[in-house]
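Structure first, commentary second.
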Amino acid sequence: MDGVLFELSEVTVRGPDGRERISGMDARIPDHGITVLAGPSGSGKSTMLRLCNRLEVPGAGRVSYRGAPMEDMDPLELRRRVAMVFQRPTALPGSVADNLRIADPGAGEARVAAMLERVGLGGFADRRAAELSGGETQRMALARALLTDPEYVLFDEPTSSLDPSAARSIERLAAQLAEDGTPSCWVTHDLGQMRRLAHHLVVVVGGRVAQQGHLDDVLRSRSAEVASFLAGGDEE
Amino acid sequence: MTTVDVGFLGVASSLVLVVVALVLSMAEGLGLERSILWASLRAFAQMMVIGAGLSLVFEPEAPMVWSWLWVAAMVLVGAATVSSRVGGLRGTFTNALLALGCAQAVSLAVVYGLGVMPLEPRTLVPVAGMLLGNCIGATVLAARRTLAEVQAHRDDIEVRIALGWAARDAVRPHLAEAMRTSVTPQVEQTKIIGLIALPGTMTGLLLAGVDPLDAVLTQIVVVFLILGSVAVTAVLVGRGTARRLTTADHRLVLPPTG
C-alpha cells in the first residue's frame with residue numbers, strides 16, 4: 001500500500017438514470033507527483049475523481065484513502081484534506097476575498113493576499129469575483145481550494161473552457177504545487193496536456209481502467225485500447 | 001336581514017350559464033362541450049357528496065372526532081394532490097403531509113387556543129378546509145422552486161460542499177429564494193384584499209345573511225390564518241425538499257432531468 005493515496009477496488013457507479021458510469025474499476029492513485037486521468041469523453045474519469053472526495057459513492061466495491069475505507073471517514077474532514085477544482089470556473093457572490101473566505105471564514109487579509117499572490121492574482125482581493133475572466137476565476141477557485149491547506153488537489157478538467165494561455169498558467173500552478181509537496185490528480189482528454197503534466201497516467205476507457213502506471217511505461221507498452229485512444233484523442 | 005336559500009330549483013336555474021358556455025363552445029368551435037358537461041356534472045356530484053358528509057358531521061349530536069377525522073382526510077388528500085403535481089421528486093407526499101399537518105396544527109391552535117372562534121364542527125371543518133385549499137399552491141410552488149434553485153445552482157453548492165461545508169449549509173443560500181417565491185403571492189393577495197374582489201369567506205357570510213362587519217372580521221381572521229399557514233408550509237416544504245436532495249454524508253443527489 002506504500003505510496004498509494006487512493007485505491008479503487010471493483011468499484012461500480014451508476015448514474016441517476018441507472019446507467020453504469022464506472023464498471024468494476026480497479027485503480028491506484030499515488031501520493032506524489034501529478035496523476036493524469038485520461039480517456040475519451042464519457043469514459044468515467046470525472047466520476048472517478050468525484051469518488052476521491054466522496055461527492056460520489058460507489059454502488060459496489062470500495063474506495064480507500066491511505067489504506068482506510070473512505071466510508072469510515074468523516075466526509076467533511078476528508079474534503080478539507082482533498083480539495084477539488086471543478087471544470088466550470090465558479091465565482092460565488094461577493095469579492096475575490098469573500099470567495100476565498102468561503103473556505104476559511106477566519107482567514108485574515110494577509111493570508112488571503114498571500115494565497116492570491118501564489119496563484120498570480122496579487123492585488124485582486126477587493127475585485128468583484130463575477131467580473132474576473134474565466135482563467136482568473138479558475139485561479140481564484142484554486143486559491144480558494146488551497147486555503148483549506150489540503151494534502152491533495154483534484155482537478156476536474158479545469159482548463160476545458162479556458163484559452164490556451166490561461167490553461168497553461170493553471171498547468172504551471174499544478175506543476176509548482178506538486179514540486180512544493182502538494183500532489184494532484186488531473187482529469188483531461190487533451191493528450192498534449194496529459195504529456196505535459198503526467199508523472200503517473202491512468203487511461204480510462206468505457207468505465208474501466210485500460211492501463212495505468214508511470215507515463216513513460218504506459219506510452220511504451222501501450223495496449224491496443226490505449227493506442228486507439230492516443231491515436232484519436234485531442235491535442236492542443 | 002334575510003338569508004339566501006338557493007334550493008335545487010336555484011341550482012337548476014343556474015344551469016342556464018352552463019348552457020351559455022356550451023353554446024359559446026359550439027359556436028366558436030372550441031370543442032369543449034364534453035369537458036364542460038363533465039366538469040359541471042362532477043362539481044355537482046362532488047359537492048352533493050361533501051354536503052351529505054358535512055350534514056352528518058354537523059349534526060348536533062355528532063361526536064367532535066368526526067370533524068377531526070374529516071380534517072385529517074383533507075390533509076391526506078392535500079398531500080396526495082401536492083405529490084401528484086410536483087412529480088419526479090421522491091418523498092414529496094411525506095414532506096407535504098408533514099408541512100400541511102404542521103400548518104394546520106399551528107393555525108388551529110391559534111384559532112381555538114386563543115378563543116378566536118368556538119371549537120365546533122361548523123367552524124373547524126370550513127376553517128381547516130379553507131387553510132388547506134390556500135396552502136396547496138404554495139406547497140407545490142415551494143417544492144418545485146426548491147428543486148429548480150438547487151438544480152440551477154448545483155455548481156455553487158458543490159463548490160461549498162467540496163470545501164468541507166455541511167450539505168444543508170451549502171444549500172441554504174438558495175433555499176431562501178425558493179421560499180420567498182412561494183410566500184410572495186399570498187403576501188400580495190393579502191395587500192389587495194377587498195379592493196378588487198370580495199373574498200370567499202366574506203361573500204359566503206354575506207349571502208348567508210350575516211352582518212357585514214361580522215363578515216369582515218371573520219374574513220380578516222381567515223386571511224391572517226392563511227398567510228401564516230402559507231409561510232409555515234413553504235418553509236417546511238422548502239427545507240424538507242432540500243433535505244431530500246442531500247444525503248447524510250453531505251452529497252448532493254438530484255433526480256434525473258428530462
Side-chain angles (χ1 to χ4, degrees), chain A residues 13-19 46 49-57 70-94 99-105 107 129-130 137-138 140-150 153-156 161, chain B residues 83 86-93 95 143-181 238-258:
Chain A
V13 177
R14 286 177 191 279
D17 54 0
R19 203 173 55 87
S46 290
L49 199 73
R50 289 166 64 85
L51 283 165
C52 294
N53 73 347
R54 214 161 137 183
L55 287 176
E56 301 271 353
V57 289
M70 210 177 252
E71 66 262 28
D72 295 345
M73 299 181 67
D74 172 9
L76 305 188
E77 174 60 29
L78 171 79
R79 290 180 192 137
R80 294 186 76 80
R81 283 205 240 165
V82 179
M84 178 105 162
V85 177
F86 291 87
Q87 181 172 9
R88 199 171 305 165
T90 303
L92 296 168
N99 265 266
L100 262 63
R101 290 200 179 96
I102 285 167
D104 181 3
T137 305
Q138 205 58 308
M140 177 189 74
L142 176 57
R144 191 169 54 196
L146 292 177
L147 211 63
T148 61
D149 283 329
V153 183
L154 305 168
F155 290 96
D156 188 4
S161 61
Chain B
S83 175
V86 173
L89 191 60
R90 274 183 317 117
T92 304
F93 175 78
N95 199 3
R144 282 190 189 156
R145 287 303 314 163
T146 302
L147 178 59
E149 284 288 322
V150 171
Q151 275 169 332
H153 295 97
R154 180 193 180 136
D155 291 348
D156 297 16
I157 293 168
E158 284 212 317
V159 161
R160 292 191 188 96
I161 288 178
L163 289 167
W165 283 39
R168 63 172 181 281
D169 295 333
V171 169
R172 189 165 295 143
H174 309 288
L175 208 50
E177 187 52 41
M179 291 176 182
R180 198 176 299 127
T181 312
R239 288 195 168 201
T241 305
R243 201 165 38 244
R244 297 204 178 260
L245 297 174
T246 54
T247 62
D249 62 349
H250 305 283
R251 288 179 296 111
L252 198 56
V253 276
L254 295 177
T257 48

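Below, chains carry the letters A, B, ... as their sequence lines are ordered, and counting in each starts from 1.
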Query raised in the report: Would a distance-only check, ignoring hydrogens and angles, find a side-chain to backbone donor-acceptor pair under 3.5 Å from B:Arg160 to A:Ile102?
Result: no
Report task. Working to the nearest 0.5 Å, report the span between CG of A:Asn53 and CD of B:Glu158. Result -> 9.0 Å
Requested in this report: Inspect the surroundings of CZ in B:Arg243 and state if more than 12 heavy atoms from other residues, nucleotides or ligands are less than 6.0 Å away.
Outcome: no
Query raised in the report: For A:Arg79 and B:Leu163, what are the C-alpha separation, side-chain angles and deciding distance, and is it a side chain to side chain contact (heavy atoms under 4.5 Å, CB included)?
Result: CA-CA 6 Å; A:Arg79 290 180 192 137; B:Leu163 289 167; over 6 Å; no
Report summary line: Turns out that what part of A:Val85 lies under 4.5 Å from chain B's heavy atoms comes down to neither
Report task. Supply the atom-to-atom distance A:Thr90 OG1 to B:Ile157 CD1, rounded to the nearest 0.5 angstrom. Result -> 11.5 Å
Query raised in the report: More than 12 non-hydrogen atoms from neighbouring residues, nucleotides or ligands closer than 6.0 Å to CZ on A:Arg101, yes or no?
Result: yes
Query - Minimum heavy-atom distance between A:Arg80 and B:Gly164, given as atom pair plus value - result: CG-CA, 4.0 Å
Query raised in the report: Atom CE in A:Met73, atom CG in B:Asp249: separation rounded to 0.5 Å?
Result: 13.0 Å
Query raised in the report: Can you list the steps and then say if A:Arg144 with B:Val159 is a side chain to side chain contact (heavy atoms under 4.5 Å, CB included)?
Result: CA-CA 10 Å; A:Arg144 191 169 54 196; B:Val159 161; 3.6 Å; yes
Query - N/O donor-acceptor pair under 3.5 Å between B:Trp165 side chain and A:Leu76 backbone - result: no
Query raised in the report: For A:Glu56, is it the side chain, the backbone, both or neither that has a heavy atom under 4.5 Å from a heavy atom of chain B?
Result: backbone
Query raised in the report: Below 4.5 Å, heavy atoms only, C-beta onward: do B:His250 and A:Arg54 meet side chain to side chain?
Result: no
